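Chain naming here is simple, since letters A, B, ... match the order of the sequence lines and numbering starts at 1 in each. This is a predicted model, so every value here is computed, not measured.
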Number of protein chains: 2
Amino acid sequence: MRSLVRAVSRQGLRLTPQRICLLEVLAGGGDLTAEEIVARLRKTQPHISLATVYRNLNTFVALGIISKYYSPDGVAHYRASARHEHLFICLGCGDAQHLAACPLQAGLLDEELSGRGLQVVDHRFEIRGYCRRCQKEGAK
Amino acid sequence: MRSLVRAVSRQGLRLTPQRICLLEVLAGGGDLTAEEIVARLRKTQPHISLATVYRNLNTFVALGIISKYYSPDGVAHYRASARHEHLFICLGCGDAQHLAACPLQAGLLDEELSGRGLQVVDHRFEIRGYCRRCQKEGAK
DNA sequence: TTTCATGCAAACCGTTTGCATGGTG
DNA sequence: CACCATGCAAACGGTTTGCATGAAA
């Protein structure tokens with residue numbers, strides 16, 4: 001949280017109440033849609049505008065303070081920047097769990113990436129399938 | 001291409017001229033947006049509707065005949081189904097290129113996945129950064 | 001006191017849907 | 001000839017933008 005605030009002020013952006021609350025929500029963790037973020041913000045900022053949220057989210061993304069991705073239904077999700085994520089997404093229940101193993105750190109792709117002159121900033125690995133529970137339910 | 005047509009008819013879907021042309025475009029390869037697909041289709045199907053294209057794309061995705069992903073600007077891209085994809089997406093120009101190396105095939109995550117009882121269906125790896133050209137432009 | 005940020009509402013744009021028509025199996 | 005698929009146009013919903021107001025530095 002503190003580092004997020006510092007990142008924002010270091011970029012010459014003003015520290016408005018809205019921005020501080022937004023950073024608090026983001027610091028809380030999770031992949032949130034703009035709607036979900038606004039819902040949480042309204043608790044402390046009842047009149048905050050959706051436009052303000054979108055504008056700030058875009059600003060933060062451009063500065064690399066947070067990251068953004070689109071879920072399979074095409075809705076943007078935001079989260080405090082994690083430079084890499086490895087998710088297992090269950091096709092049965094939709095739950096996502098984070099995986100520890102990082103294929104990139106293992107150096108597996110290094111050769112191919114460097115061979116093509118590609119500079120990595122972040123990555124996101126999604127593995128889809130069925131979790132233990134949903135496998136059992138499917139077998140019934 | 002032939003296998004795509006077979007997959008469609010096997011599912012009990014009618015083989016309309018629009019669908020056949022759509023499959024031809026998809027068989028041509030690449031990650032295409034609906035707009036790009038329509039532009040190509042108009043050469044042979046001048047009156048084809050955007051709605052028809054979207055409807056068929058969604059149908060094909062649901063049947064697993066093609067796959068869909070959202071680029072960083074939130075626009076859907078479609079391609080003939082690959083059960084796994086490894087993409088490098090340039091943060092500068094937005095272009096995506098496919099990587100050959102597959103971290104999953106290398107067995108890196110096997111231990112973690114099997115340890116948790118997770119059954120893999122497909123996966124998608126996105127690596128973001130800057131391509132050679134955008135690195136040069138950024139240095140200017 | 002000068003910007004920059006906010007709120008509101010309207011515009012945008014990719015995508016979906018209702019409905020009547022047309023073509024496939 | 002029964003249905004599914006198509007085309008058109010309108011609706012939808014997430015996101016962006018113009019403009020006047022308000023607050024941070």
Does anything in residues 19-26 of chain B come within less than 4.0 Å of DNA chain C? Heavy atoms only, and list the residues if so.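 None - not one residue of the stretch has a heavy atom sitting under 4.0 Å from the strand.
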At a heavy-atom distance below 4.0 Å, what parts of residues 38-49 of chain B sit against DNA chain C?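 The answer is none.
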When rounded to the nearest 0.5 angstrom, what distance separates [atom1] in [X] from [atom2] in [Y]?
| X | Y | atom1 | atom2 | value |
| --- | --- | --- | --- | --- |
| B/Ile65 | B/Leu22 | CD1 | CG | 10.0 Å |
| B/Arg40 | B/Leu26 | CZ | CG | 9.5 Å |
| B/Leu13 | B/Gln11 | CG | CD | 6.5 Å |
| A/Arg10 | A/Leu63 | CZ | CG | 10.5 Å |

Which side-chain N or O atoms in residues 44-57 of chain A pair as donor and acceptor under 3.5 Å with protein atoms at least two apart or in another chain?
residue	atom	partner	partner atom	Å
A/Thr44	OG1	A/Leu41	O	3.3
A/Ser49	OG	A/Ala51	N	3.0
A/Asn56	OD1	A/Arg19	NE	2.7
A/Asn56	OD1	A/Arg19	NH2	3.2
A/Asn56	ND2	A/Thr52	O	3.2

Rounded distance in Å - [atom1] ([X]) to [atom2] ([N]):
| X | N | atom1 | atom2 | value |
| --- | --- | --- | --- | --- |
| A/Leu15 | C/dC4 | CG | C1' | 13 Å |
| B/Leu50 | D/dT6 | CG | C1' | 13 Å |
| A/Glu36 | D/dG14 | CD | C1' | 13 Å |
| B/Asn56 | D/dA5 | CG | P | 8 Å |
| B/Asp73 | D/dG14 | CG | P | 18 Å |
| B/Gln11 | D/dA5 | CD | P | 12 Å |
| B/Leu32 | C/dG14 | CG | P | 15 Å |
| A/Tyr70 | D/dG13 | OH | P | 18 Å |

Measuring to OP1 and OP2 of [N], would you say a side-chain N or O of [X] lies under 4.0 angstrom away?
| X | N | result |
| --- | --- | --- |
| B/Thr33 | C/dG14 | no |
| A/Thr16 | C/dT6 | yes |
| B/Asn58 | C/dT16 | yes |

Is it the case that the side chains of B/His77 and B/Thr33 hold a donor-acceptor pair, with the cut-off being a distance below 3.5 Å and no angle test?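 Distance-only check fails for B/Thr33 and B/His77.
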Pull out every protein N or O sitting under 3.5 Å from an N or O of nucleotides 17-23 of chain C, one pair per line with the distance.
residue	atom	partner	partner atom	Å
C/dG18	O6	B/Arg55	NH1	3.2
C/dG23	N2	B/Arg14	NH1	2.5

Can you pull out how bent the helix from C/dT1-D/dA25 to C/dG25-D/dC1 is, comparing the axes over its first five and last five pairs, to 10°?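 Roughly 40°, once rounded to the nearest ten degrees.
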If you check every side-chain atom of B/Gln18, which of D/dT15, D/dT6, C/dG14 has the closest atom?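 That would be D/dT6.
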List for me each residue that meets side-chain contact (heavy atoms from CB on, under 4.5 Å) alongside [X], sequence neighbours excluded, and say none if there are none.
| X | answer |
| --- | --- |
| A/Ser9 | A/Leu15 |
| B/Ala76 | B/Lys68, B/Tyr70, B/Tyr78 |
| A/Ala27 | A/Met1, A/Leu4 |

Indicate, with yes or no, if A/Val61 and A/Ile20 share a hydrophobic cluster defined by side-chain heavy-atom contacts under 4.5 Å among Ile, Leu, Val, Met, Phe, Trp and Tyr.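 Linked within one cluster.
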List the residues meeting side-chain hydrogen bond (donor to acceptor under 3.5 Å, both in side chains) with B/Ser3, not counting sequence neighbours, and say none if there are none.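 None.
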